[in-house]
Chemist: 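The following block contains the structure, expressed as structure tokens.
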Amino acid sequence: MDQRLVSVIILGFGFMLLFTAFQTMGNIEQTVINSIKTDEPTFKGDGYTSLAVIYAMLSISNWLTPSVLTKIGPKIAMLLGAFTYCFFIITFLWPKTWLLYVASAVLGTGAAFIWTGQGMYLSKCSDESTISRNSGIFWAMLQMSMFFGNLLVFFLFQGKTHIDSETRTLVFSILAGVAVIGIVFLCTLRKPHQLTTDSSDDGIPEVQQTPRQAFISAVRLFLTKRMLLLSVAFIYTGLALSFFSGVYGASIGFTNAIGESAKQLVGLNGVFLGVGEVLGGVSFGLLGKQTAKWGRDPIVIAGFIIHIISFLLIFMNIPDVAPFGDTNEVAFFKPPNAAVAILCSFLLGLGDACFNTQIYSMLGGVFAKNSAEAFSIFKFTQSVATAISFVYSSHLGLRIQLGILLASGILGTACFCLVEWSIKRSRTMIVNECETIDSKN
């Protein structure tokens, strides 16, 4: 097997294990914190605020990561970031308000390193013909993380309306152990320059820059027309990320009218998010060649249509006040339907995979020579939107949040398609010019 494909698979295993721990944490954080407050009245932490701090620090740190990666490389950057994820999980064994927010800030900084490093490493393992395939494989493996941790939560939270200290300790200990195994996988990655003996076969020309040059290059790339348009799509993925990773699962758990299984469904919500994400990643990984031929825009448009369906069903099924805490209110479906709630989880995951696999494909292919800068801009823009969303999630009802997602989704989808069509026109012009030159010769 091609060594670069092997490296993509090892990268996928490392992220799958690490994010089995973290994505499960994000999914249950608000629910667990509400139980901690009951047991320890001195604890004043808030799950939405914690997630907002994480993504705020991530957005700020993303401007520094291209400069740092020029010195330490993507592998070391990913390892540094991975340790901060492990630290964040371990702090929940000793719940303190100040420690929650310190760990959140540390994790936000580390997340910038791990995600920019991942994007740069994936680009160096790919070329124009394999980037769609590799993006799909990585995304599917990453999103398998939604299965295992959330299945654990599903069984351990079964029949519980209050998550007691013993259950919390068991869950956090298991998740921390899984995160450590993920770090071991990342340690086995080969450095990018070791993936091929022929530098001309690497697909991605190596661009040597000083830290200052890397920062200036990132700013210049951000201000280009294509990247500004793509940033609108990045914003939508950030708003959607905060909704399905923190708000929607908690809203299901807080909807008492669903029945005694409401808290248990928080874990099942994460599982079916993962099913949708993995199905999308596998499909677009297998269809990598067709995607390169037909373009990325049909997949992104399909993803947004899937999201519109899920938004409508959530609007009908979950009460408007559900994000704020336990409620006996109902929406239009009386009583709320658990099966519809889980179907929406699947649709949210599938639609998100449509967007993210195509964004990864575009950044890793079209912006391959500036991969660190491109992925740092992606994570910066996405993280700003995610942080803002977690801030307003504590104050705005579910229906207003769905309206914001709908409006931003329309704009984001349109802007992504404009960039994709621009790239298609540029390629067509280049092909026509080459054919003209050949005919003259």
Side-chain angles (χ1 to χ4, degrees), residues 5-29 32 54 58 74-93 103 106-108 110-122 125 134-156 168-191 241 245 249 267-282 285 349 352-353 356-357 360 379:
L5 179 57
V6 172
S7 295
V8 170
I9 293 172
I10 294 174
L11 181 70
F13 270 116
F15 272 69
M16 178 186 72
L17 292 166
L18 185 64
F19 283 87
T20 290
F22 177 68
Q23 289 187 333
T24 304
M25 280 292 304
N27 195 32
I28 67 174
E29 185 175 354
V32 166
I54 290 172
L58 172 56
K75 178 180 176 179
I76 300 301
M78 287 189 288
L79 287 173
L80 289 174
F83 280 110
T84 66
Y85 280 81
C86 198
F87 169 68
F88 177 78
I89 295 167
I90 291 173
T91 60
F92 275 81
L93 295 172
V106 171
L107 172 58
F113 285 98
I114 197 171
W115 282 111
T116 304
Q118 175 271 329
M120 186 177 182
Y121 193 88
L122 186 67
C125 292
N134 290 349
S135 297
I137 290 172
F138 171 79
W139 190 256
M141 296 185 71
L142 168 66
Q143 297 305 330
M144 287 179 69
S145 62
M146 301 293 286
F147 297 151
F148 309 115
N150 285 297
L151 279 173
L152 172 71
V153 169
F154 177 75
F155 289 111
L156 291 181
R168 296 197 303 265
T169 299
L170 178 60
V171 170
F172 299 147
S173 299
I174 293 173
L175 294 182
V178 172
V180 170
I181 298 173
I183 292 173
V184 172
F185 268 90
L186 295 180
C187 287
T188 65
L189 286 172
R190 299 178 71 177
K191 292 183 178 179
L241 172 63
S245 67
L268 200 60
N269 157 70
V271 171
F272 276 84
L273 275 169
V275 172
E277 296 276 15
V278 172
L279 178 62
V282 169
D352 185 62
N356 278 280
T357 55
Y360 271 69
K379 283 299 173 181

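Side-chain atoms are counted along with the backbone in the values below, which use heavy atoms only and exclude waters and symmetry mates. All figures in this text were calculated on a predicted structure; none of them were measured in a lab. For the single chain, residues carry numbers from 1 onward in sequence order.
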Chemist: Has Lys75 got a side-chain atom pairing as donor or acceptor with Leu189's backbone, closer than 3.5 angstrom?
Modeler: yes

Chemist: Using 0.5 Å steps for rounding, measure from the CG atom of Leu79 to the OG1 atom of Thr84.
Modeler: 11.0 Å

Chemist: Specify the closest pair of heavy atoms between Met16 and Met144, including all atoms of both residues, with the distance to one decimal.
Modeler: SD-CB, 3.8 Å

Chemist: Does the side chain of Ile114 come within less than 4.5 Å of Leu80's, by heavy atoms?
Modeler: no

Chemist: In Å and rounded to the nearest 0.5 Å, what is the CZ to CG distance from Phe138 to Leu122?
Modeler: 7.0 Å

Chemist: Between Phe185 and Phe15, is the ring centre distance below 6.0 Å?
Modeler: no

Chemist: Can you tell me how far the OG1 atom of Thr357 sits from the CG atom of Asn134, to the nearest 0.5 Å?
Modeler: 13.0 Å

Chemist: Verify, without hydrogens or angle tests, whether Ser173 (side chain) and Leu170 (backbone) share a donor-acceptor contact under 3.5 angstrom.
Modeler: no

Chemist: Supply the atom-to-atom distance Leu18 CG to Leu175 CG, rounded to the nearest 0.5 angstrom.
Modeler: 11.0 Å

Chemist: Within a 6.0 Å radius of atom CZ on Phe172, are there more than 12 heavy atoms belonging to other residues, nucleotides or ligands?
Modeler: yes

Chemist: Let's go through Phe87 and Thr91 carefully: what are the C-alpha distance in whole Å and the side-chain angles of both, what is the deciding distance for side chain to side chain contact (heavy atoms under 4.5 Å, CB included) to 0.1 Å, and is it a yes or a no?
Modeler: CA-CA 6 Å; Phe87 169 68; Thr91 60; 3.9 Å; yes

Chemist: Can you confirm whether Phe83 sits close enough to Ile183 that some side-chain heavy atom of one is under 4.5 Å from a side-chain heavy atom of the other?
Modeler: yes

Chemist: In chain order, what residues pass the side-chain contact (heavy atoms from CB on, under 4.5 Å) check against Ala112, with sequence neighbours excluded?
Modeler: Leu58, Ser61, Asn62, Thr65

Chemist: Taking all non-hydrogen atoms of both residues into account, name the closest pair between Phe88 and Phe92 and its distance.
Modeler: O-CD1, 3.5 Å

Chemist: Might you point out which heavy atoms bring Cys86 and Val180 nearest each other, and give the distance in Å?
Modeler: SG-CG2, 3.8 Å

Chemist: Measure the CG-CD distance between Leu142 and Glu277 for me, rounded to the nearest 0.5 Å.
Modeler: 8.0 Å

Chemist: Show the nearest heavy-atom pair for residues Leu186 and Gly14, with the distance to one decimal.
Modeler: CD2-CA, 4.1 Å

Chemist: What are the two closest heavy atoms between Gly182 and Leu17, and how far apart are they?
Modeler: CA-CB, 3.6 Å

Chemist: Give the ring-plane orientation class for Tyr85 versus Phe22, where under 30° counts as parallel, over 60° as perpendicular and anything between as tilted.
Modeler: perpendicular

Chemist: Do you know the tightest heavy-atom contact between Ile89 and Ala179?
Modeler: CD1-CB, 4.4 Å

Chemist: Does the ring centre of Trp115 sit less than 6.0 Å away from the ring centre of Phe19?
Modeler: yes

